[in-house]
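Here the structure is a predicted model, which means the values were calculated and not measured.
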Amino acid sequence: MLSKRLDTSLRALAMATAVAAGAAIPANAQDKPTIELRTPDGTISVTGELMEFADGYYVVRSNLGMLRLDSRSVDCIGVLCPAAFPTNDPNFGIYGSRTVGTTLIPNLLRGYAKSVGASYEIIPTEEPAERVVRLTNPDGSLRAQIDLQTRGSGSAFPALAEGVAAIGVADRRMKDSDVAKIAAAGIPDLRDTRGETVLGVDGIVLITHPDNPVRNLSSDEVARIFSGEITNWLELGGGNYPITVNSFGEGSGDRAVLLDALVRPTGRDEKQDVIRWSAYQDLVDAVMADRGGIGYVGRWLARTNDVNLLDVREECGLLSPPTDFRMKIEGYSLSRRLYAYTRPGLMHPEARAFLDWTLTKEAQPYIKEAHFIDRELERMRLEDMGMMLVHTAAVEPDFNGAQYSNMMQQLRGADRLSVSFRFNSGSSVLDVESIRNIQEIGDRIEAGEFEGFELMLVGFADSIGDQARNTQLAMNRALAVREILARNLSSRALRSIDLVPVSYGELLPLSCNGDDAGRARNRRVELWLRLPDTRTSLR
């Protein structure tokens, strides 16, 4: 019997091998060293050519095919084995985002400590951005000592380049400028590689005083407020109060999300005389104390304070509310992924174990407890979509009445699940978060969670170009997701559920199609759950 961890590695590899079936073996494969990987109890042994050793995993070509095995689960036998990471050093660093590092990482480290039977202690220092997290084994030995520094997302990448951080965390995806920072250290672009992990989802929310009657703002109104063109709430129906704009410094990832999404696309920028804060809670407190105040923070913080959270009203009239469901499907206009980055090659084994644990089901309650968006599935009915349905029928220029009627008929008895699949721009390759979603849904199917149901893979597109062609493009995406999902399921699981690809093209847009960001949100494959041949509600 394989150990649990080795078994997990083999099952994970079986999925990867199926996806990459037919991939060519490098021409110089015969020059690769032959190694033996053996479980600690000696009952299982795998011999093969070492193709790669990176991120704590051996990739070997054996008589079983290409295998990727966790180095913590096996011993490498022979002089040709790569040098292992020194396991007697408990120290490693996590550097980067204040959003990710202030509460999410400490909460996850606390959960990880519990999972391995260790005690957890967080030690403050004189510098607010620096803390030490200590994990201690039951016998009193030090399991890990983590240098946790939270000076902003931009600080993650120099720390990776210098080797002081095993994990860099960011509340945005790495940019070309970040790639340049790590290139000098010989680290390649980490986007769409094993060095990029999505820890969760959050969103920036606009906040005002709780007595302010304004409940939503258009993207244009937000741009005009932050650029100084609108200076009184009277212009927006909020009473005769001067507007006080609260913001953060230029290095803030939160500021970049807001300005890049709503302000700069209009040709405007933030005015110079805003009130700038360095601490999240200080900004929230300032808005709560000022009837005319407006600001923005991560929703994880806003939801724990008595502030008014504003919906964003897009140019075409669609409302984008900062709800859990919208965040999970990444349909909110200011939603963002929270990333962890690691450099290629050897990685501190405890840092790797922690990062792997953050992706498990056991980690989700700790994410939710920190007020971020967990991965538990939520459901929504078609009739709950309200204005999205009205907008589709009344506003979209290429509205197809017959297609709309068919969609209403087919989806009325189904529940939409809070998961989406998207492809890299201009590519037929699923993005990194969608691959993870495929694996999670596959695990749920294997566990029998959806047995007896139809799992509808519903493709949608943006509205640029011919309506019929967009419908076909959306169908092609739905078919691609079905193929990948089916390929990685056991025959038993495949028999337990119907995977039904359908397409409704340009219908039900999540955002306006006027810019690249909105069009990208609209190009997706959704997951709907329905009892076969019925319109019975699942609630």
Could you check whether any side-chain N or O of [X] sits under 3.5 Å from a backbone N or O of [Y], counting only pairs where one atom can act as donor and the other as acceptor?
X      : Y      : answer
Thr471 : Gln467 : yes
Ser418 : Glu378 : yes
Ser511 : Arg521 : no
Ser335 : Met327 : no
Tyr58  : Leu67  : no
Tyr341 : Met174 : yes
Ser405 : Ala402 : no
Ser503 : Gln472 : no

More than 12 heavy atoms of other residues, nucleotides or ligands under 6.0 Å from CZ of Arg469: yes or no? no

So if I apply the side chain to side chain donor-acceptor pair (under 3.5 Å) rule between Arg172 and each of Asp260, Asp254, Thr99, Asp178, which one comes out positive?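 Considering Asp260, Asp254, Thr99, Asp178, a side chain to side chain donor-acceptor pair (under 3.5 Å) with Arg172 is found only for Asp178.
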
Within the 3.5 Å criterion, strictly below it, is a donor on [X] or [Y] matched to an acceptor on the partner's side chain?
X      : Y      : answer
Asp443 : Gln439 : no
Asn522 : Arg519 : no
Glu330 : Ser420 : no

Stepwise salt bridge (charged side-chain N to carboxylate O under 4.0 Å, His left out) check, Glu270 with Arg264: CA-CA 8 Å; Glu270 187 180 67; Arg264 289 170 178 154; over 6 Å; no

Within the structure provided, determine whether [X] and [Y] are in side-chain contact (heavy-atom separation under 4.5 Å).
X      : Y      : value
Phe460 : Glu506 : no
Ile373 : Arg299 : yes
Leu510 : Arg326 : yes
Leu382 : Leu508 : yes
Arg343 : Leu190 : no
Arg422 : Glu433 : no
Ser219 : Glu314 : no
Leu318 : Pro509 : yes

Check step by step if side-chain contact (heavy atoms from CB on, under 4.5 Å) holds for Asn212 and Leu310. CA-CA 10 Å; Asn212 192 326; Leu310 300 180; over 6 Å; no

To the nearest 0.5 angstrom, please state how far the [atom1] atom of [X] sits from the [atom2] atom of [Y].
X      : Y      : atom1 : atom2 : result
Leu199 : Leu359 : CG    : CG    : 7.0 Å
Ile441 : Asn488 : CD1   : CG    : 13.0 Å
Glu52  : Met66  : CD    : CE    : 9.0 Å
Ile445 : Leu489 : CD1   : CG    : 5.0 Å
Ile484 : Leu479 : CD1   : CG    : 11.0 Å
Tyr504 : Asn406 : OH    : CG    : 4.0 Å

Is a salt bridge present between [X] and [Y], judged by a nitrogen-to-oxygen distance below 4.0 Å?
X      : Y      : result
Asp498 : Arg530 : no
Asp374 : Lys328 : yes
Glu376 : Lys368 : no
Arg110 : Glu369 : yes
Arg173 : Asp192 : yes
Arg268 : Asp220 : yes
Arg444 : Glu440 : yes

What are the two closest heavy atoms between [X] and [Y], and how far apart are they?
X      : Y      : answer
Ala461 : Asn470 : CB-O, 3.6 Å
Ile367 : Thr358 : CD1-O, 4.5 Å
Asp311 : Pro322 : OD1-CD, 3.3 Å
Phe226 : Leu206 : CE1-CD2, 4.1 Å
Arg255 : Phe248 : CD-O, 3.2 Å
Leu527 : Phe421 : CD1-CE1, 4.0 Å

May I have the step-by-step check of side-chain contact (heavy atoms from CB on, under 4.5 Å) for Leu236 and Ile225, ending in yes or no? CA-CA 10 Å; Leu236 302 166; Ile225 288 171; 3.7 Å; yes

Evaluate the side-chain contact (heavy atoms from CB on, under 4.5 Å) criterion for residues Asp415 and Phe453: first the C-alpha distance (whole Å), next the side-chain angles of each, then the deciding distance (0.1 Å), finally the verdict. CA-CA 11 Å; Asp415 276 5; Phe453 287 96; over 6 Å; no

Angle between ring planes, Tyr112 versus Phe354, binned at 30° and 60°: parallel, tilted or perpendicular? perpendicular

Determine the interplanar angle of the Phe372 and Trp300 rings, folded into 0 to 90°, and report it as parallel if under 30°, tilted if 30 to 60°, perpendicular if over 60°. parallel

Steps toward side-chain contact (heavy atoms from CB on, under 4.5 Å) verdict (Val198, Arg436): CA-CA 9 Å; Val198 178; Arg436 181 173 160 186; 4.2 Å; yes

